[in-house]
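Heads up: the structure comes next, in structure tokens.
Quick caveat: nothing in here was measured; it's all calculated off a predicted structure.
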There are 2 protein chains.
Amino acid sequence: MPRSAPTPHQTPSLRAAGMRQTPQREAILKVLKDAERPLSAEEIWSGMEKRRSGIPTVYRNLERFVSEGWAESLQGSDQVMRFVLCRSPHHHHHLTCETCGRTVEVDGCGVEEGLAAMERASGFRITRHQLTLFGQCPACRAAIPG
Amino acid sequence: MPRSAPTPHQTPSLRAAGMRQTPQREAILKVLKDAERPLSAEEIWSGMEKRRSGIPTVYRNLERFVSEGWAESLQGSDQVMRFVLCRSPHHHHHLTCETCGRTVEVDGCGVEEGLAAMERASGFRITRHQLTLFGQCPACRAAIPG
DNA sequence: TTTGTTGCAAAGGGTTTGCAGGAGA
DNA sequence: TCTCCTGCAAACCCTTTGCAACAAA
């Protein structure tokens, strides 16, 4: 249930979204902004200076940010939810390096034709999809050739 | 750490996989076989006649079946792991109807070209991907046209 | 008989809730 | 001042573990 204007992917503005501007919220956004990979709530919490917040506050705000479209929550293979700031307002996917954990966004999608073929094969109408990509980033490829 | 032969996707054979044949295991496999959608451990447990098992047994065997390649575990948007029997030995994806929950497998993949484009754009080497598809099955499309 | 499995109970770990006090606007 | 937000503690819930009893082979 997004509350903000239709194009919320710009620099998150607490005020514009009708949220009060608290140091906790700014700290959470800062940690997310500086992160190069999806972070768990606990990692975000640890990253906040002086831990001046409780974990529940982190969770509550994360949920808020996701519903605003500012962040995205990703389920890993473990039981932990991780969060990333959405840099792009467009449809995109996250590509995670399995060696160093760095995550980048890939704009666009590139699976449309594949989806169309699957629709024909299954008779389903495909309305949404979630694609998570894993591999190795350029730096790690260079470090560990093979 | 699969223990069975390289082609374990046929009808699961407990004996062939080096597992003892217990009523609990047969019951779990039966519930999964009859299911048309991914089931949580608790749903599987409830589906076993007379609940003649403890939840830990269900979890332990599910983990075993997954490592044998007989089943696959899927993370939904909630915090619950769900399980499906793999009908096909090939690379495939699961397509879930958002109206009735029915899930089918789509053989093949169809996103290869897209992945190649993403590799070029990102510089990553993509080694694995997870694609989950949502939409509406033929029956639900017929029932609720639009 | 041997050893893999099960059941119970309890622990674990991430996430959510209730509520009273605190602080933006 | 008026709400919204936060912090604390406890509750929740799914999943895992330890261990002794049990049963498949």
Between atom CE in A:Met81 and atom C1' in D:dC13, what is the gap in whole Å? 14 Å
Just N and O in the side chain of A:Gln24: are any of them under 4.0 Å from OP1 or OP2 of D:dG7? yes
I'd like to know if B:Arg37 and B:Glu43 make a salt bridge, using a cut-off of under 4.0 Å between side-chain N and carboxylate O. yes
Give a yes or no on whether the backbone of B:Arg20 and the side-chain of B:Arg25 come within a donor-acceptor separation of less than 3.5 Å. yes
Give a yes or no on whether a salt bridge exists between A:Lys33 and A:Glu26, defined as a side-chain N under 4.0 angstrom from a carboxylate O. no
Would you mind reporting whether A:Phe83 and A:Val66 have side-chain heavy atoms less than 4.5 Å apart? yes
Nearest whole angstrom, please: distance from the P of D:dC14 to the CZ of B:Phe83. 13 Å
Any side-chain N or O of A:Arg64 less than 4.0 Å from the OP1 or OP2 oxygen of D:dC5? yes
Show the nearest heavy-atom pair for residues B:Leu95 and A:Ser122, with the distance to one decimal. CD2-OG, 3.4 Å
Any side-chain heavy atom of B:Leu62 sitting closer than 4.5 Å to one from B:Ser73? no
Grab the CG-P distance between A:Leu62 and C:dG14 for me, whole Å please. 15 Å
Which of C:dG7, C:dT5, D:dC5 is nearest the side chain of B:Arg25? It is C:dT5
Summarise how protein sits on nucleotides 16-25 of chain C as a single string, 5' to 3': B when a protein heavy atom is under 4.0 Å from the base, S for sugar-phosphate-only contact, - for no contact. BBB----BBS
